[in-house]
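As structure tokens, the structure follows; a few thoughts come after it.
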Amino acid sequence: MHRLSHGDSGPAVAEVRSTLLSLGFLPDDAQDHDTAGDPLHWSAPASDYDSALDGAVRAFQQHRGLLVDGIVGPATYRSLKEASYRLGARTLIYQLSAPLYGDDVATLQTRLQDLGFYSERVDGYFGPKTHEGLSSFQREIGLSPDGICGPATLRSLDLLGARVTGGSPHAISEEELVRQSGPQLTGKRIVIDPDLGGADTGRIVDGVYGRIAEAEILWDVASRLEGRMAATGMETFLSRARGTNPSVAERAETSNAFNADLMISLRCASSTSPAANGVASFHFGNSHGSTSLIGQVLTGYVQREIVARTPLLDCRSHGRTWDLLRLTDMPTVQIDLGYLTNASDVEVLSDPRSRDVIAEAILVSVKRLYLLGQDDQPTGTFTFAELLAEELAAADRG
């Protein structure tokens, strides 16, 4: 679709305005303040992308865990459509050819979760787990277990209501899986996902040792991280071959096939402002209150370790609903290592020694995750050599 932004007008803008009005992000009396009182530039307010609509779009993006830029691109438009669905407005069914996404699906998942029939994350995707949970609910109450959420099923859900509400079963099960797997790294299965690849080299920057491409920086960090993880006995997988650039959906599908414990995605950031700088980390988290607890914990460690070991600014960790974070079955984190539009960050990321330090910081963060807080080493001090010695000693004891 065509990207919509401040200053645009037309039927697509009117649709966005109407949706945001219905969702409560735009007051009914919002007018085009930019052209008010100027008859020469007047156009129908309902189809203008004015400053009020720009503010509403940004508020919606913030609420939904999207990139806040005031631009209605494919991700924001899709999220607007998903947000507009209310449970009961359409029949919900699992279908491979045209998967259903929406807030109505998220509401159904929450209802099933409260009743004990669904323990996965509330992500608004009607997939096989949602179908399975719905079928189990229907079977339990004497309906045909067809996995289709129609009027009869909705009436039963409304009549039963929630027996118990409380913590997220998905978050609890994530934590329990980490706890049961033990503190040692040996045998842990990790997917490393360096962005870009193939013909898409990303930005070319002037680094400390000459010109270097964004894709090369990311591949190098991924390779260093993979080498260190393999040395500790971890099973590592790359989400792509060096000369390829699969789509986000393909990366997620490949990663899910590995049945991995974690996925670590590596990115670089850019901005129109050369002053923007720093490292940020992202985990799955949405406006329905569903968060990847393990992802949240790991991004916290990643931020602290990288910031303690490098000059990079701490831009903190955040919950987001980006496709890579929600389409992967395992806890996934995305690390934006720095801004290639900022001279200081480029100086760090283009230096092989700094990339080595970053790889070590990420590995230590993963180790801290599996220690579940049972570690008194100060942030930024745990070295790869110490970690490797500890792993070998534990293996000997075992």
Side-chain angles (χ1 to χ4, degrees), residues 19 22-23 63-65 78-177 180 249 252-253 255-257 259-260 284-295 319 321-332:
T19 302
S22 68
L23 294 172
H63 178 66
R64 302 288 290 198
R78 184 189 64 210
S79 194
L80 281 166
K81 296 292 289 185
E82 291 180 14
S84 67
Y85 290 119
R86 292 290 174 266
L87 188 59
R90 58 177 178 167
T91 299
L92 299 177
I93 183 172
Y94 175 48
Q95 46 194 28
L96 284 169
S97 57
L100 296 182
Y101 293 87
D103 281 21
D104 52 349
V105 179
T107 302
L108 172 63
Q109 290 171 330
T110 301
R111 297 264 189 96
L112 292 171
Q113 193 174 83
D114 289 342
L115 291 165
F117 292 95
Y118 181 75
S119 60
E120 304 302 312
R121 67 184 173 205
V122 178
D123 56 7
Y125 162 55
F126 200 113
K129 295 294 185 181
T130 306
H131 172 83
E132 183 182 312
L134 181 58
S135 299
S136 297
F137 168 74
Q138 291 170 324
R139 189 178 297 108
E140 182 76 14
I141 62 172
L143 292 175
S144 174
D146 55 13
I148 301 173
C149 187
T153 300
L154 283 171
R155 281 196 297 273
S156 297
L157 284 167
D158 287 338
L159 284 171
L160 278 175
R163 297 174 190 158
V164 180
T165 59
S168 163
H170 180 257
I172 294 168
S173 64
E174 266 195 358
E175 185 177 20
E176 188 56 29
L177 282 173
Q180 288 179 359
E253 184 179 0
S255 301
N256 289 338
N259 191 30
F284 179 81
N286 64 21
S287 56
H288 307 297
S290 183
T291 297
S292 169
L293 177 63
I294 293 305
T321 57
W322 298 334
D323 278 352
L324 188 71
L325 302 177
R326 75 171 181 170
L327 294 179
T328 43
D329 296 335
M330 73 292 294
T332 296

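We count residues from 1, following the sequence as given.
- Among residues at least two apart or in separate chains, salt bridge (Lys or Arg N to Asp or Glu O under 4.0 Å) pairs with a member in residues 92-103 are Arg64-Asp103.
- Among residues two or more places apart in sequence or in another chain, the side-chain hydrogen bond (donor to acceptor under 3.5 Å, both in side chains) test is passed with Arg326 by Glu82.
- Atoms CG and CZ, from Leu327 and Phe284 in turn, are 9.5 Å apart once rounded to the nearest 0.5 Å.
- Summarising the geometry, atom CG belonging to Leu143 is positioned 9.0 Å from atom CZ belonging to Arg155; distances are rounded to the nearest 0.5 Å.
- Test Asp114, Leu108, Thr107, Leu112 against Thr110 for side-chain contact (heavy atoms from CB on, under 4.5 Å) and you get one pass: Asp114.
- Of the possible polar contacts, none joining the Glu120 side chain to the Thr130 backbone as a donor-acceptor pair under 3.5 Å is found.
- For residues 83-96, the set of pairs meeting the side chain to side chain donor-acceptor pair (under 3.5 Å) definition, not counting sequence neighbours, comprises Arg90-Asp104.
- Side-chain contact between Glu140 and Leu115: absent, with no pair of heavy atoms (C-beta onward) separated by less than 4.5 Å.
- Heavy-atom minimum distance, Gln109 versus Tyr118: NE2-OH, 3.2 Å.
- In this structure, Lys81 and Thr19 have side chains that are not in contact, with every pair of non-hydrogen atoms separated by 4.5 Å or more.
- Atom CG of Leu134 is separated from atom NZ of Lys129 by 15.0 Å, given to the nearest 0.5 angstrom.
- Applying the ring-ring contact (aromatic ring centres under 6.0 Å, His included) test to Phe137 and every residue at least two apart in sequence or in another chain returns Phe117.
- Two residues are said to be in side-chain contact when any heavy atoms from C-beta on lie closer than 4.5 Å; Ser79 and Thr321 fail this criterion.
- The heavy-atom pair separating Thr328 from Leu325 by the smallest distance is OG1-O, 3.6 Å.
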Q: Show your reasoning for whether side-chain contact (heavy atoms from CB on, under 4.5 Å) applies to Leu92 and Leu87.
A: CA-CA 9 Å; Leu92 299 177; Leu87 188 59; 3.8 Å; yes
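- For Asp323, the side-chain hydrogen bond (donor to acceptor under 3.5 Å, both in side chains) criterion is met by Arg78, not counting sequence neighbours.
- The side-chain hydrogen bond (donor to acceptor under 3.5 Å, both in side chains) search around Asn256 returns none, not counting sequence neighbours.
- In this view, Thr153 and Gln138 satisfy the side-chain hydrogen bond (donor to acceptor under 3.5 Å, both in side chains) rule, not counting sequence neighbours.
- A distance of 11.0 Å separates CE in Met330 from OG in Ser292, rounded to the nearest 0.5 Å.
- Minimum interatomic distance between Asp158 and Arg111 (heavy atoms only, all atoms of both residues): OD1-NH1, 3.0 Å.
- A distance of 9.0 Å separates CD1 in Ile148 from OG in Ser135, rounded to the nearest 0.5 Å.
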